[in-house]
Amino acid sequence: MKSFLSTAVLLAAIQGTNAFNAKIMRFGEMAEMGLLPDGTPMKSDSEMKFKISSLAAAGPPAPNEDIVPEYVELPLDNFARNGDYAYEGTFNNRFWVAQSAYKPGGPVFLYDAGEANAEPNAVFRLANETSFFKQIVDKYHGIGIVWEHRYYGNSTPEPIDQNTPYEVFKWLTTEQSLADVDRFAKQFKRKDIDYDLTPSGTPWVFVGGSYPGMRAAFMREFYPNTIFASYASSAPTQAQNDMSVYFEPVWKGMNAYGFGNCTQDIQAAVRYMDKVMEKPSAAAKLKEQFLGLGAATNSNPTFGDALSTVFWLWQSYGMEGGAYGLRQFCDWIETDPETNKTAPASGWAPTKGANFTVNRWAAYPRFTAMANDYLETECSGSMTVQGKCNLDLRFSDPASVAWTWQYCTQWGFLQSANLGPHQLISKYNSLTHQHDICHRQFPTAKLPLFPSWPRDAQTNAHFGGWNIRPSNTYWSGGEFDPWRTLSPLSEEPHAPKPRRFQEPPKCGQGQGRGEIFGYVMKGAQHCYDFRTTFEGGSVSRKYFTDALDSWLPCFKGKKGHGHQ
């Protein structure tokens with residue numbers, strides 16, 4: 001098998017997913033590669049100071065290195081009480097390895113791909129010169145591993161789809177997935193390297209962003225003898241069912257980037273439509289105005305989901321994102337089609353009325369296509385063509401199915417409307433509606449396997465929430481990242497708000513709840529430090545590598561040959 005995928009093949013693989021949850025994960029990977037969602041290079045953005053270089057300009061993997069998928073057999077139940085770890089069955093977990101930069105004594109770096117099929121981006125991370133992960137692995141003459149999370153991609157005990165028996169998901173927990181890495185690390189070796197590559201003889205460094213960023217911190221907290229150091233980027237370690245706070249950084253960021261008029265008009269339009277939808281006949285007409293014939297029978301909450309799609313690229317691209325990006329949408333909303341004038345800071349609503357913005361939104365040429373792509377439906381967008389416009393469909397993509405199980409059982413993260421002065425989405429997108437999406441996806445799942453509400457309190461009691469402070473761990477976040485709201489770096493009113501510092505702590509030195517070794521990048525969203533195309537990312541990454549420079553010398557492993 002050839003190890004290097006061409007750019008075209010790689011992009012085709014990434015673009016193949018078609019469910020919202022899976023797509024939003026892929027959007028982040030596309031942005032990390034310097035690409036827009038459609039696969040074209042991102043253009044220069046003066047506000048975000050991107051330095052764009054084409055993916056195609058980067059070289060292939062190092063000569064003579066064939067990076068191919070590999071597998072390790074692991075138990076479904078890592079915590080078998082009777083010690084028979086194969087009793088509940090086993091599965092094969094996929095991973096990829098790059099070792100061309102390795103020199104004896106170099107660390108093992110593990111990049112956790114998290115809640116997604118790892119294959120589309122694995123070779124890029126390990127072999128492309130624009131990959132931050134490859135750059136770090138090469139800097140320390142290490143071995144690079146891309147790790148696929150259980151129940152994603154090919155690392156599944158059974159095929160994952162809408163018909164997977166619920167009992168199969170019994171072993172899909174964060175606890176089990178962390179134990180997988182521990183078990184794998186303790187048996188890791190390479191046939192052509194005569195050196196102890198397990199955590200006994202080599203320092204292991206865990207790198208992850210978003211959910212994998214959480215896992216980076218948890219691995220260092222719960223398996224400190226396995227993971228020597230961790231890089232936790234954009235890591236929302238606080239489980240929380242009500243995540244209406246997700247939209248607060250969106251409001252703040254849009255205003256900071258000069259789109260305050262757009263936030264004012266979106267809010268005015270949403271509140272106007274919420275009022276209209278109180279009357280069923282008026283609600284039916286409104287839905288058809290936006291999505292065409294066939295849309296009238298959709299519920300107010302699911303129509304609210306469709307309206308919220310304009311924000312779904314925010315965490316990956318901010319105001320950018322190409323055709324579906326917020327800049328395109330706001331430029332449309334804030335331009336008077338008759339005079340070609342731009343709205344003032346207060347928006348159009350105060351002078352033209354909220355209905356003006358509603359009509360502009362409904363006429364936005366890309367809106368129906370956006371709703372169809374993200375919600376997997378077939379609305380016509382026309383008042384003369386009948387569409388199959390069902391906004392209440394279950395996710396079909398395997399990664400979406402698996403991740404929905406995870407957040408609906410353990411983590412919450414239910415992104416309901418941020419009612420109040422910064423409201424951006426419909427009031428009908430309520431916490432109850434988000435809860436209902438969990439049960440829509442798994443309609444007959446019951447206790448004890450599937451709780452009525454995600455067990456956020458139980459999860460925080462086990463993992464520590466945003467008070468977790470493992471040693472040898474660096475935290476990074478983006479100023480306007482919606483997920484920072486549940487990270488230890490959060491500055492929301494209800495968060496602990498510890499003092500951040502950037503001078504590396506001593507090796508093995510933890511922090512109290514009142515301080516944290518971390519950094520927040522200005523003008524950044526989700527996992528922007530993982531982009532070599534984002535100028536501010538290099539600052540954050542250097543804080544981590546400076547820390548590694550001081551931590552690695554204190555590793556007390558066997559540091560020898562023949563310990564495999």
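Keep in mind that what you see is a predicted model, and the values were worked out from it rather than measured.
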*Do Ser210 and His526 have side-chain N/O donor and acceptor atoms under 3.5 Å apart?*
yes
*Non-neighbouring partners of Cys527 that pass disulfide (SG to SG under 2.5 Å), sequence neighbours left out*: none
_N/O donor-acceptor pair under 3.5 Å between Asn255 side chain and Trp251 backbone_ = yes
_Please give me the minimum heavy-atom distance between Met214 and Pro236, naming the atom from each residue._
SD-O, 3.4 Å
*Take the angle between the ring planes of Tyr211 and Trp403 and call it parallel below 30°, perpendicular above 60°, tilted in between.*
tilted
*State which residues pass salt bridge (Lys or Arg N to Asp or Glu O under 4.0 Å) with Arg440; sequence neighbours excluded, sorted by chain then number.*
Asp392
*Are the side chain of Arg484 and the backbone N or O of Leu489 linked by a donor-acceptor pair below 3.5 Å?*
yes
_For the residue pair Arg94 / Asn117, report whether a side-chain donor-acceptor contact shorter than 3.5 Å exists._
yes
_Under 3.5 Å side-chain donor-acceptor pair for Ser490 and Ser487_ = no
*Under 3.5 Å, is there a donor-acceptor pair linking the side chains of Gln410 and Glu175?*
yes
*Step-by-step ring-ring contact (aromatic ring centres under 6.0 Å, His included) determination, Trp361 to Phe329*: CA-CA 8 Å; Trp361 193 338; Phe329 176 73; 5.3 Å; yes
*Please tell me if the side chains of Pro107 and Leu552 come closer than 4.5 Å, counting only heavy atoms from C-beta onward.*
yes
*Any chance the side chains of Arg150 and Asn93 put a donor and an acceptor closer than 3.5 Å?*
no
*side-chain contact (heavy atoms from CB on, under 4.5 Å) against Asn300, all qualifying residues, sequence neighbours excluded*: Met277, Ala283, Lys287, Tyr428
*Once the angle between the rings of Trp411 and Phe413 is folded into 0 to 90°, is it parallel (under 30°), tilted (30 to 60°) or perpendicular (over 60°)?*
parallel
*Output every pair passing side-chain hydrogen bond (donor to acceptor under 3.5 Å, both in side chains) with a member in residues 213-232, not counting sequence neighbours, ordered by first then second residue.*
Asp112-Arg215, Ser177-Arg215, Asp182-Thr226, Arg220-Ser471, Tyr231-Asp529
*asked:* How about OH on Tyr364, more than 12 heavy atoms from neighbouring residues, nucleotides or ligands closer than 6.0 Å, or not?
replied: yes
_Steps toward ring-ring contact (aromatic ring centres under 6.0 Å, His included) verdict (His462, Phe222)_ = CA-CA 10 Å; His462 178 75; Phe222 291 92; 5.1 Å; yes
*asked:* With a 6.0 Å cut-off on the ring centroids, do Phe228 and Trp551 count as close?
replied: no
*Judged by modelled atom types alone, do Ser396 and Glu376 share a side-chain donor-acceptor pair under 3.5 Å?*
yes
_Which residues share a side-chain hydrogen bond (donor to acceptor under 3.5 Å, both in side chains) with Gln502, sequence neighbours left out_ = none
*Assign the ring pair Trp466 / His494 to parallel, tilted or perpendicular, where the plane angle (0 to 90°) is split at 30° and 60°.*
tilted
_Filter on disulfide (SG to SG under 2.5 Å), then keep only pairs touching residues 408-437, sequence neighbours left out; what's left?_
Cys408-Cys438
*Just how far is it from atom OG1 of Thr409 to atom CH2 of Trp405, taken to the nearest 0.5 Å?*
7.0 Å
*asked:* Enumerate the side-chain hydrogen bond (donor to acceptor under 3.5 Å, both in side chains) contacts for residues 503-516, please, sequence neighbours excluded, ordered by first and then second residue.
replied: Arg499-Glu515
*Looking at residues at least two apart in the chain, or sitting in another chain, which of them share a side-chain contact (heavy atoms from CB on, under 4.5 Å) with Ala113?*
Ala118
*Heavy atoms from other residues, nucleotides or ligands near NZ of Lys252 exceed 12 (cutoff 6.0 Å)*: yes
*List the steps and the verdict of side-chain hydrogen bond (donor to acceptor under 3.5 Å, both in side chains) for Thr485 and Glu248.*
CA-CA 9 Å; Thr485 58; Glu248 290 297 312; over 6 Å; no
*Does one side chain, of Ser540 or Tyr528, offer a donor that lies under 3.5 Å from an acceptor on the other?*
no
*Which residues pass the side-chain hydrogen bond (donor to acceptor under 3.5 Å, both in side chains) test with Trp483, sequence neighbours left out?*
Gln315
*Could you check whether the rings of Tyr474 and Tyr543 sit parallel, tilted or perpendicular, using 30° and 60° as the cut-offs?*
tilted
*Would you please say whether a donor-acceptor pair under 3.5 Å links the side chains of Gln176 and Asn78?*
yes
*Go through the side-chain N and O atoms of Ser426 and Asp274 and say whether any donor and acceptor fall under 3.5 Å apart.*
yes
*So, Tyr246 versus Asp481: side-chain donor-acceptor pair below 3.5 Å or not?*
no
*Is a donor on one side and an acceptor on the other found under 3.5 Å between the side chain of Lys497 and the backbone of Glu492?*
yes
_Results of side-chain contact (heavy atoms from CB on, under 4.5 Å) for Phe184 - residues two or more places apart only_ = Val72, Phe95, Leu110, Ile145, Trp147, Phe188, Trp204
*Aromatic plane relationship, Phe133 with Phe109 - under 30° parallel, 30 to 60° tilted, over 60° perpendicular*: perpendicular
*Between the side chain of His439 and the main-chain N/O of Ala445, is any donor-acceptor distance below 3.5 Å?*
no
*With sequence neighbours excluded, tell me which residues meet side-chain contact (heavy atoms from CB on, under 4.5 Å) with Ala31.*
Tyr317, Arg531
*Looking at the rings of Phe169 and Phe450, which for Trp means the six-membered one, are their centres under 6.0 Å apart?*
no
*Any salt bridge (charged side-chain N to carboxylate O under 4.0 Å, His left out) pairs touching residues 408-434, not counting sequence neighbours?*
Glu278-Lys427
*Identify the two heavy atoms, one from Gly114 and one from His149, that lie closest to each other, and give their separation to 0.1 Å.*
O-CB, 3.2 Å
*asked:* Could you go through Trp312 and Tyr374, starting from their C-alpha distance and side-chain angles, then the distance that decides it, and tell me whether this counts as ring-ring contact (aromatic ring centres under 6.0 Å, His included)?
replied: CA-CA 9 Å; Trp312 284 358; Tyr374 292 159; 5.3 Å; yes
